[in-house]
Amino acid sequence: MPEFPDVTVYVEALRTRIVGQPLQKIRFASPFLLRSVDPPIDEANGRIVHDVRRLAKQILWYLDGDLILVFHLMIAGRFHWKPTGAKAAGKIALAAFDFPTGTVLFTEASSKKRASLHLVRGESGLKQFTKGGIEIFESTLE
């Protein structure tokens, strides 16, 4: 799993590219990636991304309509910024997320296929991803 510095770099890079942009379409290259069914993933299409944040080792995309895409990269998951409409091809491709300004390709260079994507509704939907570990930059000596 990419650790804190890697996740932070992804969050910062994605923020500059996708915040304020509509997520035009999600294209899946691998059916195992999506691990949630309610709300339906199609509800994310056409929604504007309002923020990109980190929750532990997950990367969160906050969308219109109180929807949140939750990505877990695991060991070998990566995001790649490509020209709009780039193909999600090859063994490592998981999904493509099309925006007017470019496409985010989500890949995983592992045969284990552990990376995951969930769509949840609201902050309450994030409770299942909170494992109770310490947030190092939010903690005090007490």
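Count residues from 1 along the sequence.
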Using atom types as modelled, flag every donor-acceptor pair under 3.5 Å from a side chain in residues 15-23 to any protein atom, sequence neighbours excluded.
residue, atom, partner, partner atom, Å
Arg15, NE, Asp51, OD1, 3.3
Arg15, NE, Val52, O, 2.9
Arg15, NH2, Val52, O, 2.8
Thr16, OG1, Ala13, O, 2.8
Arg17, NH1, Ala13, O, 3.2

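- By the 4.5 Å heavy-atom criterion applied to side chains, Arg47 and Leu67 are counted as neighbours.
- Here Asp64 pairs with His50 under the side chain to side chain donor-acceptor pair (under 3.5 Å) rule; sequence neighbours left out.
- Checking side-chain atoms of Glu108 against main-chain N and O of Ala93 turns up no donor-acceptor pair under 3.5 Å.
- At a threshold of 4.5 Å between side-chain heavy atoms, the hydrophobic network of Ile, Leu, Val, Met, Phe, Trp and Tyr places Ile41 and Leu105 in two separate groups.
- To the nearest 0.5 Å, atoms CZ (Phe71) and CD (Gln58) are separated by 12.0 Å.
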Test side-chain contact (heavy atoms from CB on, under 4.5 Å) applied to Thr101 and Trp81, step by step: CA-CA 10 Å; Thr101 56; Trp81 183 250; 3.7 Å; yes
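- Tracing side-chain contacts under 4.5 Å through hydrophobic residues (I, L, V, M, F, W, Y), one reaches Leu33 starting from Tyr10; they form part of the same cluster.
- In this structure, CG in Asn45 is found 11.0 Å from CZ in Arg27, a value given to the nearest 0.5 Å.
- Checked against Thr107 for a side chain to side chain donor-acceptor pair (under 3.5 Å), the options His80, Arg78, Lys91 give a single hit: His80.
- Leu73 and Ile92 are not part of a single hydrophobic cluster, where members link through side-chain heavy atoms under 4.5 Å apart.
- Taken to the nearest 0.5 Å, the CG atom of Leu63 stands 5.0 Å off from the CG atom of Leu69.
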Stepwise side-chain contact (heavy atoms from CB on, under 4.5 Å) check, Arg114 with Ile75: CA-CA 8 Å; Arg114 294 179 177 154; Ile75 294 172; 4.0 Å; yes
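- The NZ atom of Lys82 sits 14.0 Å away from the NZ atom of Lys87 when rounded to the nearest 0.5 Å.
- Atom CD1 of residue Ile68 and atom CG of residue Leu55 lie 9.0 Å apart, to the nearest 0.5 angstrom.
- In the displayed structure, Arg35 atom CZ is contacted under 6.0 Å by more than 12 heavy atoms of other residues, nucleotides or ligands.
- Judged by distance alone, the side chain of Arg121 and the main-chain N or O of Asp38 form no donor-acceptor pair under 3.5 Å.
- The main-chain N or O of Gly102 is found under 3.5 Å from a side-chain atom of Thr84 such that the two form a donor-acceptor pair.
- Within the cation-pi definition used here (under 6.0 Å to the ring centroid, within 45° of the axis), Arg53 qualifies as a partner of Tyr62.
- Cluster annotation: Val70 is not connected to Ile48 through the hydrophobic network of ILVMFWY side chains, with a link wherever side-chain heavy atoms come within less than 4.5 Å.
- Pairing each heavy atom of Pro39 with each of Leu119, the nearest pair is CD-O, 3.4 Å.
- Between Lys112 atom NZ and Met74 atom CE the span is 11.0 Å, to the nearest 0.5 Å.
- Residue Lys25 places its NZ atom among 12 or fewer non-hydrogen atoms of other residues, nucleotides or ligands, all under 6.0 Å distant.
- A donor-acceptor pair is defined here as one N or O able to donate and one able to accept, closer than 3.5 Å; no such pair exists between the side chain of Thr103 and the backbone of Ala96.
- The two residues Phe106 and Ser116 come nearest to each other via the heavy atoms CE2-O, 4.3 Å.
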